[in-house]
> 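Please find one structure pasted underneath; my questions will follow.
Chain A is the first sequence line, chain B the second, and so forth, proteins listed ahead of strands; every chain is numbered from 1.
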Amino acid sequence: MNQSFGKEYKLCSKKVIDELFESGQRVNAHPLALTYKFMDKTASKTPFQVVVSVPKRLFKHAVDRNRIKRLIRECMRKNKSILEDFLAKEKYQNQQLALFLVYRDNKEPEYQFLYQKMTKLFVTLITTIEKNEK
RNA sequence: UUGGCAAAUCGGUUUAUCGCUGUUCGUCAAUUGGCGGAGAGAGGAAAGUCCGGGCAACAUAGAGUAGCGUACUUCCUAACGGGAAGGUGUUUUCAGCCUUGUGCUGAAGGCAACAGAAAGUGCAGCAGAAAAUAGGUAGCCCUUCGGGGUCAUAGUGAAAAGGUGAGGUAAGAGCUCACCGUGCAAGCAGUGAUGUUUUGUAGCUAGGUAAACCUUACGCGUUGAAAGACCAUGUAAACUGGGGAUGUUUGGCAGCAAUGUUAAAUGAUAGGGUUACUCGCCCAACUCAGAGGGUAGGUUGAUGGAUUCUGCGAGUGAUUGCAGAACUAGAUAAAUGAUAAACGUUCCUUUUUGGAAAACAGAACCCGGCUUAUAGAUUUGCCUUUUUU
RNA sequence: GGCUCUGUAGCUCAACUGUAUAGAGCACUGGAUUUCGGCUCCAGCGGUUGGGGGUUAGAAUCCCUCCAGGGUCA
């Protein structure tokens with residue numbers, strides 16, 4: 001299975017991020033908070049794009065912030081098949097999911113703990129999307 | 001052998017699997033992607049932004065004043081407020097000396113914005129008689145009882161205008177002398193700061209404060225990669241260059257003339273910008289000619305350099321010359337991660353063994369320093385504890 | 001990645017270019033007044049001037065350095 005998680009998964013456009021915060025919807029799985037919105041397909045072929053953020057307010061040192069971001073990205077890489085299988089359906093083919101993930105705790109997490117939370121987050125995201133469509 | 005101080009070096013290693021960002025090779029589509037291989041990928045401080053440079057743009061950039069910075073000497077360096085060596089002062093420890101003193105000499109280490117107070121201006125609460133042109137409270141002495149002389153002694157203070165002894169005097173005083181100290185000039189030593197048990201000279205002035213104004217010497221244009229350059233699209237009120245923009249008439253003087261200069265008359269503008277001021281420079285509407293703008297875009301700037309390592313020299317040293325070899329991150333919301341195992345280090349328990357821990361901290365154009373944070377390890381030097389000889 | 005400002009009592013601010021025990025209002029505590037409370041009056045409490053070092057006889061003030069917090073840059 002392809003487990004790569006490269007540059008094309010990164011959300012960079014400032015316009016999209018602004019729009020995401022104006023009209024996006026939220027899902028929580030403490031300590032992770034996710035804002036999501038469906039967008040039109042961009043040049044990249046990935047089913048979703050994501051921003052990972054750790055507030056400077058909670059972690060003073062750049063080392064700690066970088067480490068948490070790396071852990072989150074690693075967990076996402078391992079778990080992305082959940083989301084990709086769901087988005088592979090035909091009705092989502094012309095859309096792209098924009099995500100903004102924020103870490104909201106002042107303690108540095110363990111990898112195993114974060115892995116479970118990420119799984120939970122993706123599952124709840126899928127269920128809420130399905131619920132909203134009904 | 002215990003602990004401490006200083007300096008220097010290091011700042012875990014290896015393998016497997018799954019990933020991330022560049023580079024390069026091959027291959028397939030066809031100009032940008034896919035697949036596969038190879039190889040690279042955070043620091044000693046990457047930090048703070050406290051200094052200095054490279055690089056870039058800009059006359060709204062120049063010149064002078066103002067302003068800002070630096071400040072023992074010589075050297076190093078691209079440069080510095082950094083560094084090296086030296087000097088001076090001060091302080092700590094140790095040793096020696098005899099006059100036993102807040103003494104002198106020597107050694108080792110630490111610290112110093114360490115130019116000028118003899119260019120000028122200022123400042124100094126309280127206390128004290130008096131605080132910088134000295135002064136007269138007590139005391140001492142003289143007295144015609146009005147007053148005068150005096151700083152030795154006392155007292156105040158952060159600071160009271162050389163010290164000891166002798167002479168001298170009404171009492172005193174560098175008033176005079178000897179020794180000591182201090183300043184100045186010359187000589188000698190040193191590139192120099194400076195030193196001097198060399199000589200002369202001054203009766204002693206010139207208290208402190210310049211991280212107060214200031215003076216002297218030297219240096220400094222401003223803004224910073226969000227600098228700047230290019231590309232695609234195709235034609236903005238933005239940009240570039242010229243005109244606008246300093247004239248015209250008459251007389252005198254210089255000159256062959258062009259022209260320059262000066263005086264008078266007349267016309268237009270007499271506005272704005274610059275780090276404060278002066279000069280200088282630039283600028284509007286309008287017009288002529290050229291050129292092409294926006295874009296949270298892309299490429300570049302951007303990592304081969306005051307580079308690193310080794311060897312042989314130069315120098316006390318910082319540093320540097322020559323030769324050879326090497327290529328050592330380049331991301332853009334920001335890559336260097338996760339999992340597992342082994343080895344090494346430290347600690348606990350302990351026969352093997354088992355368990356736990358591993359600091360400070362993440363490149364953002366690039367260098368040289370400084371400062372701050374830092375578990376632990378190694379080496380060298382000095383001091384120290386214990387034991388043995 | 002740069003540039004720049006601020007830090008004084010629990011809170012909001014003073015203290016001029018260095019000199020007295022760092023001052024004022026609000027808050028807090030006690031007392032007076034009132035049947036009780038408020039208002040008012042009187043008295044008190046409260047400070048390592050962000051930390052450290054330096055210059056000076058003397059520092060909130062001048063200088064250096066560290067820390068914390070803000071502002072700003074098409």
Side-chain angles (χ1 to χ4, degrees):
Chain A
M1 193 202 300
N2 182 15
Q3 294 197 330
S4 72
F5 191 65
K7 224 174 181 177
E8 58 270 19
Y9 282 89
K10 236 178 246 172
L11 178 58
C12 299
S13 168
K14 201 160 183 178
K15 280 180 187 166
V16 175
I17 293 169
D18 286 343
E19 206 178 328
L20 188 59
F21 275 102
E22 275 177 26
S23 57
Q25 286 169 301
R26 287 193 156 190
V27 178
N28 277 316
H30 187 81
L32 301 169
L34 188 70
T35 308
Y36 72 93
K37 185 176 167 65
F38 282 100
M39 296 289 177
D40 293 336
K41 204 80 172 176
T42 55
S44 78
K45 297 163 188 169
T46 56
F48 65 95
Q49 284 191 320
V50 65
V51 181
V52 177
S53 171
V54 179
K56 197 174 186 180
R57 187 185 296 270
L58 300 175
F59 293 92
K60 230 183 91 182
H61 296 295
V63 178
D64 302 330
R65 292 198 298 274
N66 278 353
R67 176 162 174 80
I68 292 165
K69 280 200 260 185
R70 281 164 186 164
L71 284 173
I72 289 172
R73 232 178 276 130
E74 175 69 12
C75 293
M76 222 176 226
R77 183 175 73 81
K78 294 275 190 185
N79 276 311
K80 70 167 187 168
S81 59
I82 301 172
L83 206 56
E84 284 194 337
D85 291 348
F86 174 72
L87 292 170
K89 294 176 188 169
E90 243 178 64
K91 60 179 171 180
Y92 302 120
Q93 280 301 316
N94 295 322
Q95 287 182 317
Q96 191 174 37
L97 192 60
L99 303 171
F100 197 102
L101 190 73
V102 183
Y103 187 80
R104 288 201 188 280
D105 200 359
N106 57 2
K107 290 195 294 276
E108 197 175 307
E110 292 286 317
Y111 174 74
Q112 295 296 340
F113 171 79
L114 205 61
Y115 187 90
Q116 293 166 10
K117 287 294 177 185
M118 189 63 68
T119 314
K120 191 182 166 192
L121 183 70
F122 278 169
V123 170
T124 49
L125 175 64
I126 289 166
T127 50
T128 45
I129 288 170
E130 283 178 337
K131 207 187 289 174
N132 288 345
E133 283 177 355
K134 285 173 190 171

> Closest to the A:K69 side chain: B:rG337, B:rG362, B:rA334?
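Selected nucleotide: B:rA334.
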> May I have the distance from A:N66 (atom CG) to B:rC360 (atom C1'), rounded to whole angstrom?
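It is 16 Å, rounded to the nearest whole Å.
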> Please classify B:rG292 as syn or anti, treating any glycosidic angle within 90° of 0 as syn.
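What B:rG292 shows is an anti base, its glycosidic angle lying more than 90° from 0.
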> Measure from CD1 on A:I72 to C1' on B:rA334 and round the result to the nearest Å.
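Result: 16 Å.
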> What distance, rounded to whole Å, do you find between the two P atoms, one in C:rU65 and one in B:rU49?
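The answer is 12 Å between these two P atoms.
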> Checking base pairs now: Watson-Crick or wobble, both atom distances under 3.5 Å. What partners B:rU319?
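Across any shown strand, B:rU319 pairs with B:rA314.
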> Determine the Euclidean distance between corresponding C1' atoms of B:rU222 and B:rG273; express it in Å to zero decimal places.
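Comparing C1' positions in B:rG273 and B:rU222 gives a spacing of 16 Å.
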> Can you tell me how far the CZ atom of A:R26 sits from the CG atom of A:L125, to the nearest 0.5 Å?
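The CZ atom of A:R26 sits 14.0 Å away from the CG atom of A:L125.
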> Nearest whole Å is fine: how far is B:rA47 P from A:H61 NE2?
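Roughly 14 Å, once rounded to whole Å.
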> Evaluate the side-chain contact (heavy atoms from CB on, under 4.5 Å) criterion for residues A:V50 and A:F100: first the C-alpha distance (whole Å), next the side-chain angles of each, then the deciding distance (0.1 Å), finally the verdict.
CA-CA 6 Å; A:V50 65; A:F100 197 102; over 6 Å; no
> Taking everything shown except A:E130 itself, do over 12 heavy atoms lie less than 6.0 Å from its CD?
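Yes - once you tally the heavy atoms of other residues, nucleotides and ligands closer than 6.0 Å, there are more than 12.
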> What is the distance from atom CG of A:N28 to atom CG of A:L34, rounded to the nearest 0.5 Å?
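Reported to 0.5 Å precision, the distance equals 8.5 Å.
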> Let's test this: given Watson-Crick or G-U wobble pairing with both distances under 3.5 Å, identify the partner of B:rA107.
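Pairing partner: B:rU93.
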> Tell me which nucleotide, if any, is Watson-Crick or G-U wobble paired with B:rU278 when both distances must be under 3.5 Å.
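For B:rU278, the partner nucleotide comes out as B:rA63, under the 3.5 Å rule.
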> Test side-chain contact (heavy atoms from CB on, under 4.5 Å) on A:V51 and A:L101; report intermediate values, then the result.
CA-CA 6 Å; A:V51 181; A:L101 190 73; over 6 Å; no
> Would you tell me if any nitrogen or oxygen in the side chain of A:R77 comes within less than 4.0 Å of OP1 or OP2 on B:rG337?
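No, A:R77 has no side-chain N/O under 4.0 Å of OP1/OP2 on B:rG337.
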> Here's a test of your reading of the structure: between A:V51 and A:Y111, which maps to the more 5' nucleotide of RNA chain B?
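First, find each residue's nearest nucleotide; the 5'-ward one identifies A:V51.
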> Syn or anti: how is B:rA129 classified when any glycosidic angle within 90° of 0 counts as syn?
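In terms of base orientation relative to the sugar, B:rA129 is anti.
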> Partner lookup for B:rG12, please. Criteria are Watson-Crick or G-U wobble with both distances under 3.5 angstrom; report none if nothing qualifies.
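Check on B:rG12: paired to B:rC343, both distances under 3.5 Å.
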> Between B:rA338 atom C1' and A:M118 atom CE, what is the distance in whole Å?
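After rounding, the reported distance stands at 13 Å.
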> Below 4.0 angstrom from OP1 or OP2 of B:rA335, is there any side-chain N or O of A:R73?
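Checking A:R73 against B:rA335: at least one side-chain N or O falls below 4.0 Å of OP1 or OP2.
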> For B:rG297, decide between syn and anti, treating a glycosidic angle within 90° of 0 as syn.
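Here B:rG297 takes the anti form, which means its glycosidic angle is more than 90° from 0.
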> Give me syn or anti for C:rG44, where syn covers glycosidic angles within 90 degrees of 0.
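It is anti.
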> Just confirming the chi classification of B:rU240, syn or anti, using 90° around 0 as the syn window.
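B:rU240: anti glycosidic orientation.
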> In the strands shown, is B:rG251 matched to any nucleotide by a Watson-Crick or G-U wobble pair with both distances under 3.5 Å, and which?
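Paired with B:rU262.
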> Using purine N1 to pyrimidine N3 plus N6-O4 or O6-N4 for Watson-Crick, or N1-O2 and O6-N3 for G-U wobble, each under 3.5 Å, what pairs with B:rU2?
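With both distances under 3.5 Å required, B:rU2 matches none.
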> With P as the reference atom in both, quote the distance from B:rC111 to B:rA206 in angstrom, rounded to an integer.
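So the two P atoms sit 39 Å from each other.
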> Which nucleotide, B:rG19, B:rA363, B:rA338, lies nearest any side-chain atom of A:F5?
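That would be B:rG19.
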> Can you check the distance between B:rA334 and B:rG22, where both ends of the measurement are the P atom (answer in whole Å)?
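Approximately 13 Å lies between the P atom of B:rA334 and that of B:rG22.
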> B:rC25 and B:rG330: how far apart are their P atoms, nearest whole angstrom?
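These two P atoms come out 16 Å apart once rounded.
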> Work out how far the C1' atom of C:rA60 is from that of C:rU49, and round it to whole angstrom.
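Straight-line distance between the two C1' atoms is 5 Å.
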> Rounded to the Å, how far apart are A:K80 NZ and B:rG337 C1'?
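Computing the A:K80:NZ to B:rG337:C1' distance gives 16 Å.
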> To the nearest 0.5 Å, what is the distance between CD (A:E84) and CZ (A:F122)?
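Reported value, rounded in 0.5 Å steps: 9.5 Å.
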> Identify whether any heavy atom of A:R65 sits under 4.0 Å from a base atom; if not, whether one sits that close to sugar-phosphate; answer base, sugar-phosphate or nothing.
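It contacts nothing in the nucleic acid.
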> What's the spacing between A:Y111 OH and A:M118 CE if we round to 0.5 Å?
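A:Y111 atom OH to A:M118 atom CE measures 10.0 Å (nearest 0.5 Å).
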> Between B:rC141 and B:rG172, how far apart are the C1' atoms? Round to whole Å, please.
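Pairwise C1' distance, B:rG172 against B:rC141, rounds to 8 Å.
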> Rounding to an integer number of Å, can you tell me how far A:R67 CZ sits from B:rG362 C1'?
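Checked: the CZ to C1' distance equals 13 Å.
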> Rounded off to whole Å, could you give me the OH-to-C1' distance for the A:Y115 and B:rA340 pair?
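Distance, rounded to whole Å: 15 Å.
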> Over how many whole Å does the gap from A:D64 atom CG to B:rA359 atom P extend?
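Atom-to-atom, A:D64 to B:rA359, this comes out as 12 Å.
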> Considering every strand shown, what is the Watson-Crick or G-U wobble mate of B:rA40 when both distances are under 3.5 Å?
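By the stated definition (distances under 3.5 Å), B:rU21 pairs with B:rA40.
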> Across all strands, who's sitting opposite B:rC218 as a Watson-Crick or G-U wobble pair, both distances under 3.5 Å?
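Looking at the geometry, B:rC218 pairs with B:rG69.
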> Which value, in whole Å, describes the distance between the P atoms of nucleotides B:rG293 and B:rA238?
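Approximately 15 Å lies between the P atom of B:rG293 and that of B:rA238.
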> Please compare A:Q112 and A:V52 by the position of their nearest nucleotide in RNA chain B and report the one closer to 5'.
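The residue closer to the strand's 5' end, by nearest nucleotide, is A:V52.
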> Under 3.5 Å, is there a donor on one side chain and an acceptor on the other for A:K69 and A:Y103?
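There is no such pair (donor and acceptor under 3.5 Å, judged by atom type) between the side chains of A:K69 and A:Y103.
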